[in-house]
Amino acid sequence: MMDSRSASSLSFGYVRSRDQDGARPAAHQVIIVGGGLVGLTMAIDLASKGVKAVVLEKSNTLSEGSRSICQAKRTLEIWDRLGVGDIMLKRGVEWRKGKVFSDDHLLYTFDLQPEGGHKMPAFVNLQQYWVEQYLLERLLELGGEVRWCHEARSIRQSDDGVCIEVATPDGPYNLDCEWLIACDGARSDIRRHLGLTFDGRVFKDKFLITDVKMKGEFPNERWFWFDPSFHSGQTALLHRQADDIWRIDLQLGWEANAEEEKKLENVKRRIKAMLGDDAKFEIEWISVYVFQCRTLSDYVHGRVIFAGDSAHQVSPFGARGGNAGVQDADNLGWKMKLVLDGEASCSLLDTYSRERVYAARENILHSTRATDFITPKSKASRILRDQALSLAAKYPFAQKLVNSGRLSEPAHLIDTPLNTPDNDIFACHIAPGSPAEDAPLSKNGKDDWFLQELKGEFTVVAYEPNGLNLPTRLDIGGIPIAVKTIAKGAALDDVSGALRRRYDMKPGTAYLFRPDQHVAARWRKWSGTGVEECVERAAGRRI
């Protein structure tokens, strides 16, 4: 295991690849450009499915600064499936509650996870460099490869693959691959090579973001201020991270001079105004950013596929950027595996674009609404905001009008051709297209979690199947299917009844889950023919 004392300062030496010595370009199934949290998650997911992807990273370090710090419940569940969930929990700061202030007065407190019975908390705050270190360690455990100081300088596509010119300290060389996945961030070189542009908005406001090391008495909560006395007329945000690091966001206004605001003496002045003149702290990282809410209209361009910030960008309030990128990888990995194995056509990858563009537009909608509320651009919108804040102090209904950033939630992929519509009636919100929800189980008499039984493959879960002797595995047209039976006294037992309540399970009910743990179909009565049809549809064979 790497030295974890200073993840933010780790660097990795350039290593010459054997591919640089061949007379012809080496051929790979998948090459991932970008070794950040999305690219590493993508590589781990593929490696867990037996697909070795080469990661090209033009830098030689992990993330600079803490950057994406709020790791959402769904993202943690994905990482847990990939073998790194527990270490993220151990290192990070769990939180589920927040406070919203107007001036210096508390408006209200919220709880993002009032119901128990979930392995993962609502959020864990963990700096991006820690996240990337743990992902890198996991990838190397699985035999993955990251080539540091390898920059994708140009690409050339054909009908069956991509040729990449790679720049290195030893000079350029070429690589061939069947598929290139661009995870190279907001300033994506691959997007530029293809001449692609975003749809969306850039908001005329600037924000100072700084990480401060200090011993604070604040609880593990998200605190957001509108017009506080220490930062009059603007907004402020305070979050705790691992290692006594605190994230502070301060609205600056569009006319602010970014270079002046980043000067250490000016940042310290603002922090002291917030924490007090006697506060003892050290500045770890400083940045000034502008809100952007934009997306590509399509994430699949021939043999090049975009994921993460190279595909979409949102404002930081709501923690939607990094979490959405990890969920991109979760959606793409199993589809790529089926296509590479010849079990699905390339049209299955088009559903990746359809589903994740939908998710991006949903994130952009929430992010845009939050930005418009936080930074009103007209007299009328400011009056509406101020009235909402005034009412929220007295009336709970008005708290829903206050928008300090609707926090990240996974997309419900209702409109996708991979779903089988319901023929039966269910009284729960978990429908085809919804992400699975966790619940406590007993497994052979020991505590277990439902999501740990959905291990990255198609899975049918049968609830008290009325005496049917179901197999533990099926093969449907070359696609392996796991079958899990949950019943009283069985190896898997819903002892608390939480699974029954959350999924409206009744004796005979069965659910089909995709490898990314989204519901694909559900029935009140097991039918072998019905299962086969739904798996064929979920694998894209009936598009």
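Values below: every heavy atom of this structure, side chains too, minus hydrogens, waters and symmetry copies.
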Set out, in order, the CA-CA distance, both residues' side-chain angles and the distance that settles salt bridge (charged side-chain N to carboxylate O under 4.0 Å, His left out) for Lys97 and Glu221, then state yes or no.
CA-CA 5 Å; Lys97 294 184 178 181; Glu221 297 174 347; 6.0 Å; no
Step by step, work out the side-chain contact (heavy atoms from CB on, under 4.5 Å) result for Leu62 and Gln133.
CA-CA 7 Å; Leu62 301 176; Gln133 176 176 328; 3.8 Å; yes
Test Trp223 against Phe218 for side-chain contact (heavy atoms from CB on, under 4.5 Å), laying out the working first.
CA-CA 9 Å; Trp223 285 14; Phe218 306 102; 3.4 Å; yes
Taking the six-membered ring for Trp, are Tyr299 and His312 parallel (under 30°), tilted (30 to 60°) or perpendicular (over 60°)?
tilted
Do Ser404 and Arg222 get their side chains close enough for a donor-acceptor pair, meaning under 3.5 Å?
yes
Closest non-hydrogen atoms of Val326 and Val38, given as atom of the first, atom of the second and distance, are N-CG2, 4.1 Å
Please report the shortest heavy-atom distance between Ala122 and Arg96, naming the atom on each side.
CB-CB, 3.9 Å
Side-chain donor-acceptor pair under 3.5 Å between Gln128 and Trp130, yes or no?
no
Any donor and acceptor pair, going by atom type alone, linking the side chain of Gln127 with main-chain N or O of Tyr129 inside 3.5 Å?
no
In terms of ring plane angle, is the pair Phe123 and Trp95 parallel, tilted or perpendicular, where the classes change at 30° and 60°?
parallel
Expected output: side-chain Arg147 to main-chain Val54 donor-acceptor under 3.5 Å
no
Exam field: side chain Gln71 to backbone Val124, donor-acceptor pair closer than 3.5 Å
no
Let me confirm one number: the NZ-CG distance from Lys119 to Leu451, rounded to the nearest 0.5 Å.
9.5 Å
Hey, could you give me the OG1/CG distance between Thr509 and Asn466, rounded to the nearest 0.5 Å?
9.0 Å
With salt bridge (charged side-chain N to carboxylate O under 4.0 Å, His left out) as the test, would you mind laying out the steps for Asp415 and Arg354 before giving the verdict?
CA-CA 9 Å; Asp415 183 22; Arg354 176 171 176 169; 3.2 Å; yes
Glu464 and Lys506: salt bridge (charged side-chain N to carboxylate O under 4.0 Å, His left out), yes or no, with the steps?
CA-CA 8 Å; Glu464 298 183 4; Lys506 297 177 180 178; over 6 Å; no
Will you find, in the side chains of Asp298 and Ser353, an N or O donor that is under 3.5 Å from an N or O acceptor?
yes
Between Arg81 and Asp45, is a salt bridge (charged side-chain N to carboxylate O under 4.0 Å, His left out) present by the stated rule, with each step listed?
CA-CA 9 Å; Arg81 176 176 63 78; Asp45 198 5; 3.3 Å; yes
Under 3.5 Å side-chain donor-acceptor pair for His239 and Asn125
yes
Determine whether the aromatic ring centres of residues Phe450 and Tyr503 are separated by less than 6.0 angstrom.
yes
Between Lys337 (side chain) and Lys49 (backbone), is there a donor-acceptor pair under 3.5 Å?
yes
Test: Arg524 and Asp504 ion pair at under 4.0 Å
yes
For Ser367 and Arg320, test the side chains for any donor-to-acceptor distance below 3.5 angstrom and give the result as yes or no.
no
Tell me whether Asp422 is salt-bridged to Arg522, with the criterion being a basic N under 4.0 Å from an acidic carboxylate O.
yes
Go through the steps to decide whether Trp285 and Arg247 satisfy the test side-chain contact (heavy atoms from CB on, under 4.5 Å), and finish with yes or no.
CA-CA 9 Å; Trp285 182 60; Arg247 163 65 56 81; 3.9 Å; yes
Whether the side chain of Asp494 engages the backbone of Leu499 through a donor-acceptor N/O pair (distance < 3.5 Å, no angle test) should be reported.
yes
Apply the test side-chain contact (heavy atoms from CB on, under 4.5 Å) to residues Trp526 and Val531: give CA-CA distance (whole Å), side-chain angles for both, the deciding distance (0.1 Å), then the verdict.
CA-CA 8 Å; Trp526 175 277; Val531 172; 4.1 Å; yes
If the threshold is 4.0 Å, N to carboxylate O, is there a salt bridge linking Glu536 and Arg542?
no
Could you pull out the closest heavy-atom pair between Cys70 and Ala319, with the gap in Å?
CB-CB, 3.5 Å
Minimal non-hydrogen separation, Ala311 against Ala307, with atom names
CB-N, 4.1 Å
Between Arg514 and Glu355, is there a side-chain N and carboxylate O pair less than 4.0 Å apart?
yes
Picking from Lys73, Gln517, His429, what satisfies side chain to side chain contact (heavy atoms under 4.5 Å, CB included) with Glu437?
His429
Could you tell me whether the side chain of Val146 reaches within less than 4.5 Å of the side chain of Leu40, counting heavy atoms only?
yes
Answer yes or no: is there a side-chain heavy-atom contact under 4.5 Å between Met120 and Asp80?
yes
Presence of salt bridge, Asp328 and Arg356, under 4.0 angstrom:
yes
Separation between SG (Cys428) and CZ (Arg501), nearest 0.5 Å, reads 13.0 Å
Between the main-chain N or O of Gly433 and the side-chain N or O of His412, is there a donor-acceptor pair closer than 3.5 Å?
no
SG-CD1 distance between Cys534 and Ile481, expressed to the nearest 0.5 angstrom
11.0 Å
Ignoring hydrogens and geometry, is there a side-chain-to-backbone donor-acceptor pair from Asp111 to Gln113 under 3.5 Å?
yes
Kindly compute the distance separating NZ (Lys213) from CH2 (Trp246), expressed to the nearest 0.5 Å.
12.0 Å
Quick one: does Met88's side chain get under 4.5 Å of Leu135's, heavy atoms only?
yes
Pairing donors with acceptors under 3.5 angstrom, does anything connect the side chains of Thr529 and Ser527?
no
Tell me, do Leu401 and Tyr395 make a side-chain contact under 4.5 Å, heavy atoms counted?
no
Over all atoms of both residues, closest heavy-atom pair of Arg303 and Cys346
NH2-SG, 4.4 Å
Rounded to the nearest 0.5 Å, the CD atom of Glu132 sits from the CG atom of Leu126 at a distance of 10.5 Å
Check whether any side-chain N or O of Asn363 sits under 3.5 Å from a backbone N or O of Cys293 as a donor-acceptor pair, and report yes or no.
no
Is the backbone of Pro421 close enough, under 3.5 Å, to the side chain of Asn419 for a donor and an acceptor to pair up by distance?
no
What one should report as the nearest heavy-atom pair of Pro435 and Ala411 is CD-O, 3.7 Å
Parallel, tilted or perpendicular, as decided by the 30° and 60° cut-offs, for the rings of Tyr511 and Phe513:
parallel
Are Tyr134 and Trp79 near enough that their ring centres are under 6.0 Å apart?
no
State whether a side-chain donor-acceptor pair under 3.5 Å links Thr351 with Lys335.
yes
Side chain Thr368, main chain Leu365, donor-acceptor under 3.5 Å
no
Between Trp148 and Asn60, is any side-chain donor less than 3.5 angstrom from a side-chain acceptor?
no
